[in-house]
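One structure below.
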Amino acid sequence: MEDRILKEVEALKPSMIEGILELVRIDSVKAQAEEGAPFGPGVRAALDKALEIGGRLGFSTVNLDNYIGYAEYGQGADYICAIGHVDVVPVGDGWKQPPFSGYMEDGIIYSRGILDNKGPVMACLYGLYALKRLGYKPNHRIRIIFGCDEESGFGDLKYYLGREKAPAYGFTPDCKFPVVYAERGRAVLRAWAWKEGEKGGCLDPFFAFITKYFIGAKNNGDCLGIDFFHPEYGVMEMRNYKLAMEGGRPYFEASLSYPGGHGIEEILEKVREKAEGIPITLVQNYNPVVFRKDSPMVHVMQHSYEAVTGLDGTPVTTTGGTYAKVMPGIVPFGPSFPGQKGIGHNPNEWMKVEDLVANAKIYALALYHLGMLP
């Protein structure tokens, strides 16, 4: 059956690429909410297009109030899913071609969102379409979910989970290959200058604190005593430093990417100890995501990757953050192959046509085998 699936995906290559180009030509940077468009009209248009294509392929489609939508196939009490997103980050400067042109040259497509994440989520859709054409009968319903707020806070997925149950198994094609069995925790800490009248309102201790423990220190948090290390996750990373004002009061923010085995309360305790009374608040936190390497779900994805690429598919960890932080039961899986880094949020974002086809083959096999799990 695997050979038939791979041949079917190959046959769908022309229509898949055309479908992807339709979607990447829509400017879907988040904008001010409008009636019927909670993340702006561009994101709404991209969601509409993704669901339109799903309908053309013969899937039933559902739009959850323009927050998020999905195409569905099969029968069953529960479902498995692939969840990607159609919203994109701002384009920025430095593009050689218009960023929403779907420009193609030498087998490479250049467009904002081609990698992150329109191309890969459409590869999932067409991978499922290949299974549909072959008459596949899974044990579970299968959904390809099109998110609309992955880049700006997961408001789409929170809306979804308030109305739909979580999947039995699944993945998000928004990270890297091989299958990622664990994600680091992600947190944003904020240090505040004392208010006028507190501690004399002196700014010196505030600036001394952020200089000593952040700006003038290693980014592993060693001076703060939070340089936690895990042999599979690696060491703590602090980044995205920000100095700003709110209500006339300075504050400093840092994003922390922390390894499993340590909780945010432990981190806060150590930072506050060094802060010596300077207010430290937790702006945001997502706990680490961990699955067993030998779980049936992870094994299915490892096999699918190895069957298509012939490469070592030993599961890995990531410092990144994906929908897996919020959606129970899913892991990151693709789309970038080893050695492909620094593409998604940069100018001239690109993806090879051959890699899109390889993605579709991997995802088709993964959905096939996940659909056969009990």
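Because only heavy atoms are used, hydrogens play no part in the values below, and waters and symmetry mates are left out as well, while side chains stay in.
Ion pairing of Lys325 with Glu150 is absent here, as no side-chain N (NZ or NE/NH1/NH2) approaches a carboxylate O to less than 4.0 Å. Using a cut-off of 4.0 Å between Lys/Arg side-chain N and Asp/Glu carboxylate O, Arg190 and Glu246 are scored as salt-bridged. Salt bridge Lys30/Asp149: present, at least one basic N to carboxylate O contact under 4.0 Å.
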Table please: side-chain donor-acceptor pairs of residues 354-362 below 3.5 Å, with sequence neighbours left out.
unit_1: Asp355; atom_1: OD2; unit_2: Gln340; atom_2: NE2; d: 2.8
unit_1: Asn359; atom_1: ND2; unit_2: Pro335; atom_2: O; d: 3.4
unit_1: Asn359; atom_1: ND2; unit_2: Asp355; atom_2: O; d: 2.9
unit_1: Lys361; atom_1: NZ; unit_2: Glu10; atom_2: OE1; d: 2.7

Determine all donor-acceptor pairs shorter than 3.5 Å in which one atom belongs to a side chain in residues 41-49; sequence neighbours excluded.
unit_1: Arg44; atom_1: NE; unit_2: Asp48; atom_2: OD1; d: 3.2
unit_1: Arg44; atom_1: NE; unit_2: Asp48; atom_2: OD2; d: 3.0
unit_1: Arg44; atom_1: NE; unit_2: Asn66; atom_2: OD1; d: 3.0
unit_1: Arg44; atom_1: NH1; unit_2: Gly36; atom_2: O; d: 2.7
unit_1: Lys49; atom_1: NZ; unit_2: Glu22; atom_2: OE1; d: 3.3
unit_1: Lys49; atom_1: NZ; unit_2: Glu52; atom_2: OE1; d: 3.3
unit_1: Lys49; atom_1: NZ; unit_2: Glu52; atom_2: OE2; d: 3.4

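If you look at Trp192 and Tyr251, their ring centroids are closer than 6.0 Å. When ring centroids are compared, Phe154 and Tyr286 come within the 6.0 Å threshold. No close placement of the Tyr160 and Tyr67 rings is indicated, their centers lying 6.0 Å or farther apart. Aromatic rings of Phe228 and His262 (six-membered ring for Trp) have centroids within the 6.0 Å cut-off, being under it. The aromatic ring centres of Phe252 and Phe214 sit less than 6.0 Å apart.
In this model, no donor atom of one side chain and acceptor atom of the other lie less than 3.5 Å apart for Asn346 and Asn348. Of the N and O atoms on the side chains of Glu183 and Thr322, at least one donor lies less than 3.5 Å from an acceptor on the other residue.
The main-chain N or O of Asp106 is never found under 3.5 Å from a side-chain atom of Lys352 such that the two would form a donor-acceptor pair. A donor-acceptor contact shorter than 3.5 Å links the side chain of Glu349 to the backbone of Leu115. No donor-acceptor pair under 3.5 Å is formed between the side chain of Thr61 and the backbone N or O of Ala71. No donor-acceptor distance shorter than 3.5 angstrom exists from the side chain of Arg239 to the backbone of Leu256, with no hydrogens or angles considered. Not a single donor-acceptor pair under 3.5 Å links the side chain of Arg186 to the backbone N or O of Asn285. Remark: side-chain polar atoms of Ser111 are paired, donor with acceptor, to backbone N or O of Gly102 under 3.5 angstrom. Panel note: side chain Asp227, backbone Asn220; no donor-acceptor pair is recorded below 3.5 Å.
Among all heavy-atom pairs drawn from Leu282 and Ala187, the shortest one is CD1-CB, 4.2 Å.
Taking the salt bridge (Lys or Arg N to Asp or Glu O under 4.0 Å) definition, one finds that Lys293 meets it with Glu232, sequence neighbours left out. A search for salt bridge (Lys or Arg N to Asp or Glu O under 4.0 Å) contacts involving Arg163 returns nothing, not counting sequence neighbours. A search for ring pair (Phe, Tyr, Trp, His ring centres under 6.0 Å) contacts involving Phe333 returns Phe171, Phe177, Tyr363, not counting sequence neighbours.
Ile264 and Tyr233 are assigned to two separate hydrophobic clusters, defined by single-linkage of ILVMFWY side chains at heavy-atom distances under 4.5 Å. Under the 4.5 Å side-chain heavy-atom criterion for Ile, Leu, Val, Met, Phe, Trp and Tyr, Tyr103 and Ile108 are members of the same hydrophobic cluster.
Remark: Lys158 NZ is packed, more than 12 non-hydrogen atoms of other residues, nucleotides or ligands lying under 6.0 Å away.
Each side chain to side chain donor-acceptor pair (under 3.5 Å) pair with one or both residues in residues 11-21, not counting sequence neighbours, would appear here, but there are none.
Because its NZ or CZ atom is not both nearer than 6.0 Å to the ring centre of Tyr258 and within 45° of the ring axis, Arg184 does not count as a cation-pi partner of that residue.
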